[in-house]
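First up is the structure itself, then whatever we jot down about it.
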Amino acid sequence: DAGITQSPRYKITETGRQVTLMCHQTWSHSYMFWYRQDLGHGLRLIYYSAAADITDKGEVPDGYVVSRSKTENFPLTLESATRSQTSVYFCASSLLRGDTEAFFGQGTRLTVV
Amino acid sequence: AQKVTQAQTEISVVEKEDVTLDCVYETRDTTYYLFWYKQPPSGELVFLIRRNSFDEQNEISGRYSWNFQKSTSSFNFTITASQVVDSAIYFCALSAPGSNDYKLSFGAGTTVTVRA
């Protein structure tokens with residue numbers, strides 16, 4: 001399917017477990033992003049990537065790890081999940097850096113119990 | 001540092017009323033980009049508009065219109081003759097170079113409820 005897809009859509013995990021959220025885009029966009037959405041905070045940037053093998057921290061990176069070995073994939077890993085990481089996670093991509101619109105995946109609702 | 005403020009948390013209107021969503025931004029950069037996104041109840045984020053800092057013309061797209069005023073650092077969004085399908089969370093966002101390296105910064109969002 002064309003576009004940007006996230007998996008899983010829903011995930012429940014236990015505190016302390018490692019969790020990986022997947023993101024795949026078919027446009028060959030250079031830039032990819034991970035955001036978390038929490039009530040009252042809007043969307044906050046966790047990590048972003050300007051190209052394969054180039055990643056950088058966003059506003060709230062603690063407790064998360066990313067990698068980007070291929071242009072089309074940008075997985076987000078929670079190394080040891082905590083309840084405060086319960087959130088809705090969005091992956092996004094854009095053709096150029098920041099001055100063009102970003103396209104978002106459907107989101108992953110993660111619950112840490 | 002850059003910041004986007006959407007002071008209205010929730011707005012409730014009756015169908016056919018107009019609704020204006022406020023967005024105030026802060027940035028030290030002279031070149032920047034402003035965006036509006038819509039998040040309907042289904043949860044996906046839908047791009048609505050992009051405006052660069054050098055283009056202060058207002059824009060109208062159907063029932064949607066945007067008022068960009070650099071003098072007040074505002075980029076307000078108006079829905080005319082609202083419909084139930086306009087019920088959603090609306091986010092204003094800012095992208096600028098400098099210390100933020102063009103990363104998108106979002107406001108907290110305004111939840112719009114349109115009642116039939």
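Worth knowing before you read on, the calculation uses all heavy atoms, side chains too, and leaves out hydrogens, waters and symmetry mates. All chains are named by letter (A, B, ...) in the order of the sequence lines, taking the proteins before the strands, and each is independently numbered beginning at 1.
For A:Q37, the part lying under 4.5 angstrom from a heavy atom of chain B is the side chain only. Neither the backbone nor the side chain of B:Y32 comes within less than 4.5 Å of any heavy atom in chain A. When heavy atoms are compared at a cutoff of 4.5 Å, A:L45 approaches chain B solely by way of its side chain, counted from C-beta outward. Heavy-atom distances place no part of B:Q6 under 4.5 Å from chain A, backbone and side chain included. Contacts between A:A50 and chain B at a heavy-atom distance below 4.5 Å are absent for every atom of the residue.
A:V88 and B:Y90 are assigned to two separate hydrophobic clusters, defined by single-linkage of ILVMFWY side chains at heavy-atom distances under 4.5 Å. Residues B:Y33 and B:I49 do not share a hydrophobic cluster, defined by chaining ILVMFWY side chains whose heavy atoms lie under 4.5 Å apart. At a threshold of 4.5 Å between side-chain heavy atoms, the hydrophobic network of Ile, Leu, Val, Met, Phe, Trp and Tyr places A:Y35 and B:Y25 in two separate groups. Cluster membership check: B:F91 does not share its hydrophobic cluster with B:W66, using side-chain heavy-atom separations under 4.5 Å among Ile, Leu, Val, Met, Phe, Trp and Tyr. If you chain together hydrophobic residues whose side chains sit under 4.5 Å apart, B:F77 and B:F35 never meet in one group.
The backbone N or O of B:L104 sits nowhere less than 3.5 Å from a side-chain atom of A:Y48 that would complete a donor-acceptor pair.
When all heavy atoms are compared, the tightest approach of B:A108 to A:G40 is CB-O, 3.6 Å. Between A:F104 and B:L45, the shortest heavy-atom distance links the atoms CD2-CD1, 3.5 Å.
The number of heavy atoms from other shown groups lying within 6.0 Å of CZ (A:R109) does not exceed 12. A:K57 NZ: 12 or fewer foreign heavy atoms inside a 6.0 Å radius.
To the nearest 0.5 Å, atom CZ of residue A:F90 and atom OH of residue B:Y37 are 12.0 Å apart. For the atom pair CD1 (B:I89) and CG (A:L43), the distance works out to 9.0 Å, reported to the nearest 0.5 Å.
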